[in-house]
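One structure, pasted below without further comment.
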Amino acid sequence: MIRITDILDKVQSYLSVPEIGLIEKAYIFSASVHQGQVRLSGEPYLSHPMEVCGILADMKLDAATLVTGLLHDTVEDTLTTLEEIEEAFGKEVAFLVDGLTKISKITLRNQEERQAENFRKMILAMSSDIRILLIRLADRIHNMRTLEFQTPDRQIYIAQETLELYAPLANRLGINWMKTEFEDLSFSYLDFDSYNDLATRIVTKQNKRDQYTEEVKGVIREEMKRFELPGVVEGRAKHLYSIYEKMKEQHIDFDEVYDLTAFRIILDSDKEKDCYEALSMVHSLWVPVPGRFKDYIAMPKANHYRSLHTTVIGPHGERVEIQIRTRAMHEWAEEGIAAHWRYKEGRGLSDDDDQIQKLRELLDAQQEIKDPREFMSNLKVALFADEVYVFTPNGDVRSFPKGATPIDFAYSIHTDVGNQCVGAKVNRSIVPLKYQLQNGDTVEIVTQAGHHPSKDWLKYVVTSRAISKIRNWVKTEERKKSVTLGRDLLEKEFKKQHLKFGAALKSAEMRQVLKEFHVDSLEDLLALVGYGRVSPKHVVHQFLPEEAKKEVSLEKPQKKGTGTEPIGVSLTGIDDIMIRFGKCCNPIPGDEIIGYISRGRGITVHTAICPRARDMDRERLVDVQWDLREKREYPVEIRIVCHDKKGALADISSAIASLDVNINHAEINTSQDGQAHCEFGVNVTDLKQFNQVITVIKRIHGVTSVERLCHS
């Protein structure tokens, strides 16, 4: 465990004596209130806030941030109040602690809603102070380093959340060391077999790689002396997750990954022109690979990352990736916002910092989204983004996530421009609205008054702003249709029972009906009827005379499935409705699931991460849970990419059969690059058995990737 003296040694170089004294005071306070508490590892709980503070000290953050690191769990996990924190350490520290306090004491329906509200609160607090996010990231880093003491289910949940949210947040702040550590730690828990296999293979090649690395560094150093470009050359192995992602994306085996080492030229000069001179030097040494040069100095990434990237055919014909940057660029590339903090000479980060403004705009755009599923989905979309840079007709540069279309561009200008978009010109030529923008494109939007968005646009927009605006319009239109349909259905049911619909609307009984269904207005009730959430019979039943009520039975019938077997899903508050599983995602027990009401077709059950889920009208979603009292099998599809060789299909089939899992169909296609693309349909009882299938297939020699198939 880190000691308080270690922390104080780290901060002596940049904090004053009174500030160091405040850190010592916070250490004593934290030790006192956490006394007797232990972590799952058996260590004293104090070890956690101490480690968090140590990480923040390594980042050279200010005294208030370090004090908060020591106190961040005191309000949540002890009897300490915010008032006590404020009295002892001041308003600034109390504000930071409050921004980090989770909302675990608030009753929420499920884990997904809790996760969404935690992030929502963090974003709101971060709008006032970015340090809240930095402390939360340091907190998560230490929790990931000690994740081995959690249960397997918690390990998977926390690792997945870290990979999907915390790693991209660290990337957005430019803190590269933190991003890579998040990714590698998450990878080790989410797919240990692949992680361990990669780590083992890299170790076996280590000596050879080290020799090659020193050879390349030596050549570059000599050339830098000749060109009089003082600086250092680094050669570091790429982190495991980035290698894994490359293998998966390109469908290649480890032996086909040549650029395992990334080289960096870090110049002592602070002049950009020296970077371009170093680039010219590298290209004079080795032949550059076409299409592999990226200039992030002229056009920095969204997180302010600046560097030149090139790939060349180096010694012995191997591809070599080289990055070229100044010392200041390198500090930002590794430490991001923390390095920027130091350049502010201790005054801290303020609202005029462009990087923070960009992050706030990105996150604040999510705040209007009420549905927790949609909030988290949009947040992930917003954070995961390789940028493309395009020009407006006036020559202004705008950045978008990779895969963005003219519709994304239109909504970035104004909601009305997006809604009324009928066409687009890219580089003066008309393109389809689903055209994917490329670096350097000049984009012009063609609008038409009175035009409206299409639900199909959701299939090819990628920015959270465009997704949110299109969904809002679709939702409004769907609601209008549902209100009209609900009114028609109620009028028919009232007429059937010989009751006057108009009179019922103004009666006291209608107010009671609104209360019973937890809605605020008649329009809300009509929408529920139109969506199929409320039966017209249940509404009209409230208006029948007592004698008639006794004659009309409203007993709840059994829920229907799609066949004679038990469906295995239970629903809340919905009766007499057909249930079926979405063929797009084939949910299996263990998956998080959602139900979607389709008019006339009952409820379709999807996985929560189904690609079609983002296009769904949120008003039609209902809570569903697995009902596993009777065991049954569920179909699921797997896509496997492997080397095209004799016996490969037999090996895969035998591996699946060894788990007593039935294969219901198989489709094999081979490509010119010697790869076989296999799709298998199998029947499993739950997610645990499916994961076992994935594991045994991954162990087969020649298999490069295995994934669950989901049709969009």
Residues two or more places apart in sequence or in another chain: which of them pass side-chain contact (heavy atoms from CB on, under 4.5 Å) with K480? T476, E477
Under the rule for side chain to side chain donor-acceptor pair (under 3.5 Å), what residues qualify as partners of S429, not counting sequence neighbours? none
May I have the list of side-chain donor-acceptor pairs in residues 409-426 shorter than 3.5 Å, sequence neighbours left out?
unit_1 : atom_1 : unit_2 : atom_2 : d
Y411   : OH     : N419   : OD1    : 2.6
S412   : OG     : R398   : NH1    : 3.2
S412   : OG     : F409   : O      : 2.6
H414   : ND1    : D416   : N      : 3.0
T415   : OG1    : R465   : NH2    : 3.4

N/O donor-acceptor pair under 3.5 Å between E444 side chain and T442 backbone: no
N586: side-chain contact (heavy atoms from CB on, under 4.5 Å) partners, not counting sequence neighbours: P635, E637
Who are the side chain to side chain donor-acceptor pair (under 3.5 Å) partners of D456, not counting sequence neighbours? none
Using residues 687-694 as the side-chain source, report each donor-acceptor pair under 3.5 Å to any protein atom, sequence neighbours left out, with the distance given to one decimal.
unit_1 : atom_1 : unit_2 : atom_2 : d
Q689   : OE1    : T685   : N      : 2.8
Q689   : OE1    : T685   : OG1    : 3.2
N691   : ND2    : L687   : O      : 3.4

With sequence neighbours excluded, residues passing side chain to side chain donor-acceptor pair (under 3.5 Å) with R639: E707
Y460 OH to Y435 OH distance, which is reported to the nearest 0.5 Å: 15.5 Å
By salt bridge (Lys or Arg N to Asp or Glu O under 4.0 Å), which residues pair with D591, not counting sequence neighbours? R708
Any chance you could measure F400, atom CZ, to D408, atom CG, to the nearest 0.5 Å? 7.0 Å
Tell me every residue that passes side chain to side chain donor-acceptor pair (under 3.5 Å) with E491, counting only those two or more places apart in sequence or in another chain. none
Listing request: all salt bridge (charged side-chain N to carboxylate O under 4.0 Å, His left out) pairs with a residue in residues 514-528, at least two apart in sequence or in separate chains. R479-E523, R479-D524
ring-ring contact (aromatic ring centres under 6.0 Å, His included) contacts in which one or both residues fall within residues 467-494, not counting sequence neighbours: H452-W473, F494-F501, F494-F543
Among residues at least two apart in sequence or on other chains, which ones pass side-chain contact (heavy atoms from CB on, under 4.5 Å) with T151? D153, R154
